[in-house]
Amino acid sequence: MTDAAKPDYRSTLNLPDTPFPMRGDLPKREPGWVKQWEEQGTYQRLRDARVGRPKFVLHDGPPYANGQIHIGHAANKILKDMIVKARQLEGFDAAYIPGWDCHGLPIENQIEKTFGRGLPRDEVQAKSRAYAGEQINAQREDFKRLGVLGEWSNPYRTMDFKNEAGEIRVLKRLFERGFVYRGLKPVYWCFDCGSSLAEFEIEYADKQSPAVDVAFLSAEPEKLAAAFGLSSLSKEAFTVIWTTTPWTIPANQALNLNPELSYALVDTPRGIFMVAEALVEKCLARWKLEGSVLATTVGKNLSMLKFKHPLAHVDAGYDRESPVYLADYATAEDGTGVVHSAPAYGLDDFQSCVSHGMAFKDILNPVQGNGAYEAELPLLGGLHIWKANPVIAEALENAGRLLSHVKITHSYPHCWRHKTPVIYRAAAQWFVRMDDGDGLFTQDKAPKSLRQTALEAIDATSFYPENGRARLRDMIAGRPDWCISRQRSWGVPLPIFLHKDSGLPHPQTLEFIERAAQLVEAGGVEAWAKLNPTDWLGAEAEQYSKGSDILDVWFDSGSTFQHVLKGSHAGAAHAEGPEADLYLEGHDQHRGWFHSSLLIACALYGRAPYKGLLTHGFVVDGQGRKMSKSVGNVVAPQAVSDKMGAEILRLWTAATDYSGDLGIDDKILARVVDGYRRIRNTLRFLLANVADFDARSDAVPLEKMLEVDRYALARAAEFQAEVLSHYQRYEFHPVVAKLQVYCSEDLGAFYLDVLKDRLYTTAPKSLARRSAQTALWQITHAMLRWMAPFLSFTAEEAWQTFDGDHAGKSIFVETYWQFDSGADNAAQLAKWSRIREIREAVNKAIEAVRTTGAVGSSLQAEVALGLPADDLALLQSLGEDLRFVLITSAATIAAAQELSINVTPSANQKCERCWHYRADVGANVAHPTLCGRCDSNLYGDGEARSIA
């Protein structure tokens, strides 16, 4: 036979073919999908497809509308998108309403940087509103580029007029429920913010501070001696305090002792000093003094004794006395056991002084909002407190009142935004009460305290991971009242008129709050800023000042469940209550959005606004370090999308255990790319081998399918149950890991490996091939749905080329594949699991022979197996198809005590078409290079297959 006449048997094979490319080319293709989703209204189609279905509500924690999104934003939004898509595929009406936090200091600071300070309030607000809108538009495009589907054309923004008005109405309801009051008390104060801060806005970091021991001279030495059972004192007597905040000493007004603690009078060369008995040795060592104890007594015997301010003899402005108050927070753990009390700058100090009868008007508060002392303060006027510390220490030294002065490093509260130290500072503020007490304008008092209600709500909430429960519970259990007022311009106003003399709110406050809500709903917060009080108060306007405080920005985001889920986007939420199914943010939001949302919902409804809380860690580099421009380890999501594709970011997010920090760098992303290629290649193989399959005419009923195909479907159904179980718990990294193993082991290394011969060599429309294609078609359907939540671009691309009926339809309109449940699924899984174990042993034996050069491919091998009884029966059930399962040209089995495998090279010729080594190659002289099987498949009735 001449070469010209020689048949091209390769052309007779059913080789796979698909337009789905091997290379993802993601950076180029993804923007097209984003555009198509938008132009085709894909998100609305998803909503239309789920009309009347049960709802799943993930309420979006609003990112701040300031600056370009970073990798943490990307991970957060992708995680939300994956969860919503997974629930959508489960059959829920899973809407996603993205939102933005629009008020607050960072935007106001940006306006000041751009336009300068001193702008009128309404101008600051107008410019802030415009700036926030610009930032939202930029961030929205970046989020869409990540493949996040949502109601991007109609998000919620805390600065929308209706939301601003809704927030004011939430405030009104908190008044009515008895939770709001106005009071003077120390609150966290940031000099950079120029405003009070909430507990949520505080983080702790190390700070170096001066630690000083300061002596207070006894103003009543006779009474002091008597309290210790002494007739008199031979020297000047002092008590000593230890503090790391010398700047508070100018405002000292009392001293606190523990009533049950034992205190000692210690005689030293510098005088007699009173400290806690348990701390005498430590104090003397710190002061570098020798001394002996003269007498002891308990703290309660020292109540109301008076001591002089340590600078009393330096300047008349400090010539005052400090009485001893009794308080449990004075301990002998450190210091001296005596606590210096400046009630304007410490919560415990404030409560102690007020409980002992000190009037608010008598509390000294010389520190101004910018951190400088008021000009009139003796010795220190106009000086910033951080610069005052060494000046005060020097003044005390010169006055003979400084016993020790060292530097220490300790954990200290800092502003969350500015990363700068904060202080406690007394100011008249608006508070939400945590415990029982009287609020202003109460009409419908809540039956329980806010703290009790919130703790009960935490118990009723699911946490992912579970350790978030204890963290949030501890914060709620120990937190003080919530200071909700801020002294800034860009935010939702506390629309209250205060009497200029009494400081009390107007009797019609609730009415005015509702009128303010209507005003803001029509014209935004600017409308309140422009309001002339005379328009509402008439002649009374001269007696009242219009409130200029704004609500804490956490009140903005914390109340969104009310005016978003029950207001602007109520159609996308549960109708029966305020609860979302899930809130999802970084674990720092236990003290932020989760916290404020919980308090507001409990105040309004007596329950949490969420059924579940999911927290994720921070994004760090591969070494666990925070992202930092100075370190050079910042990974920008925009750069990754442009270089590798947003799909890689999505797969990285899904593959990372979000319960801890999420590590990312070039090496980690390179591994993600490799994993993506393995999944894509498997998907391409599946698509290519069902390209000529039409399920309507070609599908084989389950009972007529070959056994290994039925097993493959049973294994796919088993795997799907695992996937959906993980999705129920919002777990993605186990799905990614298991999907990669499924692709490589269940499919690549076994089922698809076994299947290739049947797919390629049997007649195109034969039962054997159509059975295999039926299984592959179903597995492809299922796999596209498994991967769609995280590999959204790839799943959508593949969906459009699959099965021919999906043009213009989205994979996300579908639901998870329903496998036919075979009656023998469990038996098939058990049987084939053991067969795969034996096959693996055979592969190792063949590989050992291959290394000697005796055989090339496994098809060149013939194997003889010795098997114990159970395994023998198992393989006997495969009949002649055993060789196809083992991918050898021949396989024989016999009984044996234990498994034995003998591999020998085949002595037969190789079939030119199927590459099997068979004795019947050339049996038909018309086709001398074909085996009998290929001859039958091409020119006869076709071979019979029953198992594989």
Side-chain angles (χ1 to χ4, degrees), residues 706-712 749-762 766 768 771-772 827-828 830-924 929-937 940-948:
L706 273 63
E707 186 177 320
V708 75
D709 299 331
R710 296 201 305 274
Y711 160 70
F750 177 66
Y751 183 56
L752 302 184
D753 201 25
V754 170
L755 219 55
K756 287 176 183 175
D757 179 84
R758 179 155 43 111
L759 285 170
Y760 299 167
T761 68
T762 59
S766 64
S771 173
Q828 289 285 353
K831 173 182 178 179
W832 283 92
S833 176
R834 177 56 185 158
I835 290 172
R836 287 177 61 177
E837 290 174 358
I838 296 171
R839 182 179 184 272
E840 183 63 27
V842 171
N843 285 343
K844 289 180 180 178
I846 293 173
E847 184 61 30
V849 175
R850 193 202 314 271
T851 59
T852 68
V855 298
S857 72
S858 64
L859 283 175
Q860 195 177 352
E862 295 181 356
V863 294
L865 305 179
L867 300 156
D870 288 347
D871 288 344
L872 181 66
L874 208 61
L875 296 196
Q876 282 175 335
S877 72
L878 304 183
E880 288 296 313
D881 284 3
L882 173 60
R883 63 189 178 96
F884 296 118
V885 173
L886 301 179
I887 314 182
T888 58
S889 286
T892 59
I893 55 176
Q897 290 295 317
E898 59 184 24
L899 176 65
S900 63
I901 305 168
N902 184 38
V903 180
T904 56
S906 175
N908 297 314
Q909 283 186 279
K910 178 181 178 181
C911 173
E912 183 180 352
R913 182 171 180 269
C914 70
W915 296 4
H916 283 245
Y917 290 75
R918 304 294 296 165
D920 60 356
V921 172
N924 186 342
T929 60
L930 294 185
C931 67
R933 183 172 70 95
C934 284
D935 184 53
S936 177
N937 285 332
D941 295 332
E943 67 176 316
R945 295 276 193 102
S946 60
I947 304 296

Salt-bridged, E847 to K844, with N to O below 4.0 Å?
no
With a 4.5 Å limit on heavy-atom distance, are the side chains of I835 and V708 in contact?
no
Looking only at atom types and distance, does a side-chain atom of T851 sit under 3.5 Å from a main-chain N or O of A848, one as donor and one as acceptor?
yes
Of all the heavy-atom pairs spanning V842 and V863, show the shortest one and how long it is.
CG1-CG1, 4.1 Å
Residues, nucleotides or ligands: over 12 heavy atoms within 6.0 Å of E837 CD
yes
Euclidean distance, I947 CD1 relative to R710 CZ, rounded to 0.5 Å:
7.5 Å
Does the pair L867 and Q876 meet the rule for a side-chain contact (heavy atoms from CB on, under 4.5 Å), with working shown?
CA-CA 10 Å; L867 300 156; Q876 282 175 335; over 6 Å; no
Going from CG on D941 to OG on S766, what distance comes out if it is rounded to the nearest 0.5 angstrom?
12.0 Å
Nearest-0.5 Å distance, CG of residue D881 to CG of residue L706:
7.0 Å
Under 3.5 Å, is there a donor-acceptor pair between the side chain of R918 and the main chain of G932?
no
Least distance between heavy atoms, C934 atom then C914 atom
SG-CB, 3.5 Å
Indicate whether any N or O donor in one side chain lies under 3.5 Å from an N or O acceptor in the other, for E943 and S936.
no
Would you please classify the geometry between the W832 ring and the F750 ring as parallel, tilted or perpendicular, with 30° and 60° separating the classes?
tilted
For side-chain contact (heavy atoms from CB on, under 4.5 Å), just list the numbers for L930 and N924, CA-CA rounded to whole Å, side-chain angles, deciding distance to a tenth of an Å, and then say yes or no.
CA-CA 8 Å; L930 294 185; N924 186 342; over 6 Å; no
For residues N908 and E862, determine if any side-chain heavy atom of one lies less than 4.5 Å from a side-chain heavy atom of the other.
yes
K831 vs L874 side-chain heavy atoms within contact, under 4.5 Å:
yes
Contact check, side chains of R834 and D870, non-hydrogen atoms, under 4.5 Å
no
At what distance, to the nearest 0.5 angstrom, does CD of E707 lie from OG of S946?
8.0 Å
Do R913 and T929 come within less than 4.5 Å of each other through their side chains, counting heavy atoms only?
no
Please identify which of these residues, D920, D757, T762, meets the side chain to side chain donor-acceptor pair (under 3.5 Å) condition with R933.
D757
Rounded distance (nearest 0.5 Å) linking atom CG of D753 with atom CZ of F884:
14.0 Å
Pairing of D709 and R945 as salt bridge, 4.0 angstrom limit
no
Any donor-acceptor pair under 3.5 Å linking the side chain of T888 with the backbone of S858?
no
Rounding to 0.5 Å, atoms CG (D871) and CD1 (I838) come to a distance of 4.0 Å
Check for a donor-acceptor pair, side chain of N902 on one end and backbone N or O of A864 on the other, with a separation under 3.5 Å.
no
At their closest point, which heavy atom of S889 faces which heavy atom of Y917, and how far apart are they?
OG-N, 2.7 Å
Quick check: does any side chain N or O of R758 sit under 3.5 Å from a backbone N or O of A768, one acting as donor and the other as acceptor?
yes
Less than 4.5 Å apart, any side-chain heavy atom of T761 and any of H916?
no
Does some side-chain heavy atom of L886 sit less than 4.5 Å from a side-chain heavy atom of I846?
no
Over all atoms of both residues, closest heavy-atom pair of A841 and L899:
CB-CD2, 4.1 Å
